[in-house]
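Here the structure is laid out as structure tokens; the discussion comes afterwards.
Values reported hereafter were calculated over all heavy atoms of this structure, with side chains retained and with hydrogens, waters and symmetry mates removed. The sequence lines fix the lettering, A, B, ..., with proteins before strands; numbering per chain opens at 1.
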Number of protein chains: 2
Amino acid sequence: MTPRQTRHRDRVDAARPRGIPEATVARLPVYLRALHALQDRGVATVSSEELAAAAGVNSAKLRKDLSHLGSYGTRGVGYEVEYLVYQISRELGLTQDWVVAIIGLGNLGRALAGYGGFASRGFRVAGLLDADERIVGQEISGLSVQHIDRLEDVIGEHGVSIAVIATPAGAAQGVCDRVVAAGVTSVLNFAPVVLSVPEWVDVRKVDLSIELQILAFHEQRKAGGPDGASGLNGRPRGLNGSPPEPVQYVEAAE
Amino acid sequence: MTPRQTRHRDRVDAARPRGIPEATVARLPVYLRALHALQDRGVATVSSEELAAAAGVNSAKLRKDLSHLGSYGTRGVGYEVEYLVYQISRELGLTQDWVVAIIGLGNLGRALAGYGGFASRGFRVAGLLDADERIVGQEISGLSVQHIDRLEDVIGEHGVSIAVIATPAGAAQGVCDRVVAAGVTSVLNFAPVVLSVPEWVDVRKVDLSIELQILAFHEQRKAGGPDGASGLNGRPRGLNGSPPEPVQYVEAAE
DNA sequence: GTTTGTGAATCCATTCACAGCG
DNA sequence: CGCTGTGAATGGATTCACAAAC
């Protein structure tokens, strides 16, 4: 464990080794979800093996990930569910509330506004904004949609720190520039464009069609060998529930 | 290790068109989108530097990625846009049509059904299914929603090869088992659960709240140091368009 | 006995830097 | 010249495997 200095930030407090790997950060929410499910079932303690299975990763990875937060397990026993929930939540910053605004209330924006997973994780949707006069004024999930002209006001009044952009592609960069100018430093972008932002702003993007394209790539491989030609929408042949081939690939599904 | 697919491991091949790194595959759709935008602007030729900027990556990475597909550029000149579009499309399997079914037509499913990015990339939505009697029969984006009982029929009749699951969490695994039994080998999952599938099935998941949580983590870091107390929703102080600190962070959004 | 936490080994991805080609 | 394509170097992330802790 080389406590080599970290890339971000300077003031590392005496507390824990700051500098959790990005790949680990991306998995913590998954562990958290699995832990919440265990909590709901009344489970008090869990081993790395069990939790890993519930989260869909392997146990060595899980242990390494958790070790970046500290030593929260007990050898020979496992992890106390409640305690681990708290530690991960704290690390992710979910013990405080985050104020979110959603810009663009087409189908996707509506879906996001009503998404239960936000509220339950400490995200509070405080503003809905759109440019379309027919949408402005509508009530969606208990909030009235405001005109995009009010963007800066809404951000300032509610202390919005995360903006969710669900506008058409053409409008996204302009909206992004405005939210950044108004002080927002985290953006979740659903529009299919690459946003450019100042270096101190974080952007994450979700692109539905990209995910499908990645699936198509793998699907294509399964279907025909190197000699394309398989046709038939990439489906090998078995229409009813049998694996494409009895081929035994290495390393089973653990 | 759910979405795992092995495929290589025996038969080590030379530098064939086969064996494209997963990270590269995930970026090809981004390049493709940037190329389409260039095409629309009538650009015929592009350098790795320009295309990289449009796609939001650095040029060395772009060139390395493209080199996995073959040598499609001209030294001293760049890449011919149209030709590159074709090559990437072919590699991703987008020169054929993929038949998709969407299961679950709540807000999110509706958004997906109407998403333009699907049709434009060769994905044809051929079936919409839901369990809720109030939703069955509704027309959404030109298709009539069918009862989930018809799932296997729809998959068989239309040759569905990709299933998009947008059901509540509790229903997702059951639906997944059924689509897999019916022969689907690629699943795009929007439900917040880890699906378990046979090894020959690919799953990709999109979890909106996970993305927000990752943002929260970074936002928290920016806001206050280790000494909590910063309050104010993580927003540093500048309310109007000035960077939080004159600090020079490393690594921007690349 | 069981299970964690972690060095060491391995694998994968990114970046560098330049040879080679137009 | 300018720009691609790619070996070599670097840096992360994953996995292995086991000693330490309960």
C:dT14, OP1 or OP2 - any side-chain N/O from B:Arg27 closer than 4.0 Å? yes
Output a table of nitrogen or oxygen pairs between the protein and nucleotides 20-22 of chain C separated by less than 3.5 Å.
| residue | atom | partner | partner atom | Å |
| --- | --- | --- | --- | --- |
| C:dG20 | N3 | B:Arg75 | NH1 | 3.3 |

Side-chain donor-acceptor distances from residues 165-172 of chain B under 3.5 Å, at least two apart:
none

Under 4.0 Å between a side-chain N or O of A:Asn58 and OP1 or OP2 of D:dT15? yes
Would you list the pairs meeting side chain to side chain donor-acceptor pair (under 3.5 Å) in which at least one residue belongs to residues 23-35 of chain B, sequence neighbours left out? A:Asp207-B:Arg33, B:Thr24-B:Asp65, B:Arg27-B:Tyr31, B:Arg27-B:Asp65, B:Tyr31-B:Asp65
By side chain to side chain contact (heavy atoms under 4.5 Å, CB included), which residues pair with B:Val85, not counting sequence neighbours? B:Leu32, B:Leu35, B:His36, B:Gln39, B:Val81, B:Ser89
Contact residues, residues 41-55 of chain B to DNA chain D [heavy atom, < 4.0 Å]: B:Ser47, B:Ser48
Take the protein atom CG of B:Leu66 and the nucleotide atom C1' of D:dT6, then report the distance between them rounded to whole Å. 13 Å
Using atom NE2 of A:His68 as one end and atom P of D:dG12 as the other, report the distance to the nearest whole Å. 12 Å
For B:Ala52, check side chain to side chain contact (heavy atoms under 4.5 Å, CB included) against everything at least two apart and list the hits. B:Val57, B:Ser59, B:Leu62
Hits for side chain to side chain contact (heavy atoms under 4.5 Å, CB included) against B:Glu50, two or more places apart or cross-chain, chain-then-number order -> B:Val46, B:Ser47
Give a yes or no on whether the backbone of A:Gly93 and the side-chain of A:Trp98 come within a donor-acceptor separation of less than 3.5 Å. yes
Which residues pass the side chain to side chain contact (heavy atoms under 4.5 Å, CB included) test with B:Tyr72, not counting sequence neighbours? B:Leu69, B:Tyr83, B:Leu84, B:Gln87, B:Arg90
If the condition is salt bridge (charged side-chain N to carboxylate O under 4.0 Å, His left out), which residues does B:Arg178 pass it with, not counting sequence neighbours? B:Glu152
Which residues pass the ring pair (Phe, Tyr, Trp, His ring centres under 6.0 Å) test with B:Phe217, sequence neighbours left out? none
Which ones in residues 29-37 of chain A lie close to DNA chain C, meaning a heavy atom under 4.0 Å from one of its atoms? none
Quick one: list whatever passes salt bridge (charged side-chain N to carboxylate O under 4.0 Å, His left out) with A:Glu211, sequence neighbours left out. B:Arg204
